[in-house]
A.B. asks: 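Dropping a structure here in structure tokens format, bear with me for questions.
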Number of protein chains: 2
Amino acid sequence: MGDLDIADVARRSGVPASALRFYEEKGLIASIGRRGLKRLFDPSILERLTLIALGRAAGFSLREIAAMFAPDGRPRIDRRKLAAKAETLDRTIREMTALRDGLRHAAVCPARSHLECPSFRRLLRAAKAGVIRAPQISARKAKRRAARRSFKQPD
Amino acid sequence: MGDLDIADVARRSGVPASALRFYEEKGLIASIGRRGLKRLFDPSILERLTLIALGRAAGFSLREIAAMFAPDGRPRIDRRKLAAKAETLDRTIREMTALRDGLRHAAVCPARSHLECPSFRRLLRAAKAGVIRAPQISARKAKRRAARRSFKQPD
DNA sequence: CCTTGACCTCAAGTGAACTTGAAGTTGCAG
DNA sequence: CTGCAACTTCAAGTTCACTTGAGGTCAAGG
């Protein structure tokens with residue numbers, strides 16, 4: 001009745017059907033049954049997907065996220081892991097902040113070459129100090145992702 | 001004389017020799033010549049590698065970084081691109097900060113289930129609002145990377 | 001009842017950034 | 001001078017998170 005087919009879920013969540021099947025295969029989500037061949041999802045899937053998006057944004061891998069849902073289904077998220085991730089996140093934030101400031105300066109810096117700018121060299125020294133990790137998201141993917149990003153899920 | 005072979009560069013930069021060859025192939029670095037078969041690098045390669053690490057950390061792809069070095073070799077970095085990247089970075093920082101705070105709360109939240117915690121639900125709503133992008137760095141790679149991370153390059 | 005389009009499965013492809021392996025060559029310590 | 005560790009090339013493999021394609025099934029509208 002209130003159940004959703006995969007297209008509904010895709011539309012309401014912004015997650016492509018192919019990704020939903022993929023998530024199911026990986027155990028991140030489960031359909032509540034089938035109508036013929038077609039998967040049926042409970043509306044609560046939308047909340048679950050939000051949770052998954054959240055985890056991804058926090059830097060968890062799908063594997064890690066899957067582990068956050070107890071085998072019985074509901075989220076039993078390890079609070080220690082959460083705290084640990086918050087810490088990592090915090091480190092990353094500090095790194096990126098330094099980086100952002102460095103970039104901002106470099107963008108307006110009057111020095112001939114960036115290598116001649118003391119501020120830029122400071123940034124380099126910071127990078128050298130090993131302060132830096134790589135985020136890594138491909139340009140094309142990021143673009144497609146951005147184009148798709150509506151994820152409105154009314155509720 | 002002061003020239004470095006690939007092992008020296010690897011040791012002093014923390015970048016594996018295989019990655020250095022890869023970078024050369026992609027045009028991110030260049031050897032100054034060969035001794036027999038063996039590549040020789042100018043010590044300035046170390047600064048270049050720091051620059052590359054910096055770019056990676058800022059979220060530039062290798063392709064983008066390569067484009068930042070003029071064909072003649074020295075960095076001619078587009079200041080507008082820099083500013084743009086600083087903006088993206090800033091957005092990401094804000095997202096991650098929200099996320100970090102959410103996670104921190106969730107870690108100490110007394111609610112039975114995270115889904116019952118008002119604060120966590122607020123976080124979910126924020127995520128739903130599309131505030132969220134994914135950083136994406138694999139666990140295994142991150143671990144290997146961390147183990148390797150010394151990058152001391154004594155100047 | 002029949003068509004059709006939305007769904008299905010399974011396999012293979014993608015792209016980024018490297019790593020690994022096999023097979024060959026060689027600078028240089030002893 | 002010789003042996004071998006360390007380099008070389010080139011191809012293929014790896015991980016992650018999906019997407020794409022081929023070929024098949026079937027629920028529902030006309």
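Letters A, B, ... mirror the listed sequences (proteins, then strands); counts begin at 1. Below, all heavy atoms of this structure are taken into account, side chains as well, without hydrogens, waters or symmetry copies.
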A.B. asks: Sequence neighbours excluded, which residues qualify as side-chain hydrogen bond (donor to acceptor under 3.5 Å, both in side chains) partners of B:E87?
C.D. replies: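 With neighbours one apart ignored, the set is A:R104.
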A.B. asks: How would nucleotides 23-30 of chain C be written as a contact map, 5' to 3', with B for base contact, S for sugar-phosphate-only contact and - for no contact, using protein heavy atoms under 4.0 Å?
C.D. replies: ---SSS--
A.B. asks: For B:D78, enumerate each residue passing the side-chain hydrogen bond (donor to acceptor under 3.5 Å, both in side chains) test, keeping only those at least two apart in sequence or located in another chain.
C.D. replies: none
A.B. asks: Return the value, rounded to whole Å, for the distance between atom CD of A:E64 and atom C1' of D:dC16.
C.D. replies: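 One finds 12 Å between C1' of D:dC16 and CD of A:E64, rounded.
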A.B. asks: Near DNA chain D, which residues from residues 21-34 of chain B have a heavy atom under 4.0 Å away?
C.D. replies: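 B:R21, B:R34, in order of number.
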A.B. asks: List the residues meeting salt bridge (charged side-chain N to carboxylate O under 4.0 Å, His left out) with B:R100, not counting sequence neighbours, and say none if there are none.
C.D. replies: A:D90
A.B. asks: Given atom CG of A:L40 and atom P of D:dA27, what is their separation to the nearest angstrom?
C.D. replies: 11 Å
A.B. asks: Would you mind reading off the distance between A:I65 atom CD1 and D:dC16 atom P, rounded to a whole angstrom?
C.D. replies: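 So the two atoms are 13 Å apart, to the nearest Å.
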A.B. asks: Not counting sequence neighbours, list each pair that qualifies as a ring pair (Phe, Tyr, Trp, His ring centres under 6.0 Å) and has a residue in residues 88-114 of chain B.
C.D. replies: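 Sorted result for residues 88-114 of chain B: B:H114-B:F120.
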A.B. asks: Could you name each residue pair satisfying ring pair (Phe, Tyr, Trp, His ring centres under 6.0 Å) that touches residues 8-41 of chain B, not counting sequence neighbours?
C.D. replies: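 Output for this query is empty, none listed.
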A.B. asks: Under 4.0 Å between any heavy atoms, over every strand shown, what does A:A7 touch: base, sugar-phosphate, or nothing? Just pick one.
C.D. replies: sugar-phosphate
A.B. asks: Residues two or more places apart in sequence or in another chain: which of them pass side-chain hydrogen bond (donor to acceptor under 3.5 Å, both in side chains) with B:D101?
C.D. replies: none
A.B. asks: Can you sort out the partners of B:S18 under side-chain hydrogen bond (donor to acceptor under 3.5 Å, both in side chains), two or more places apart, ordered by chain and number?
C.D. replies: none
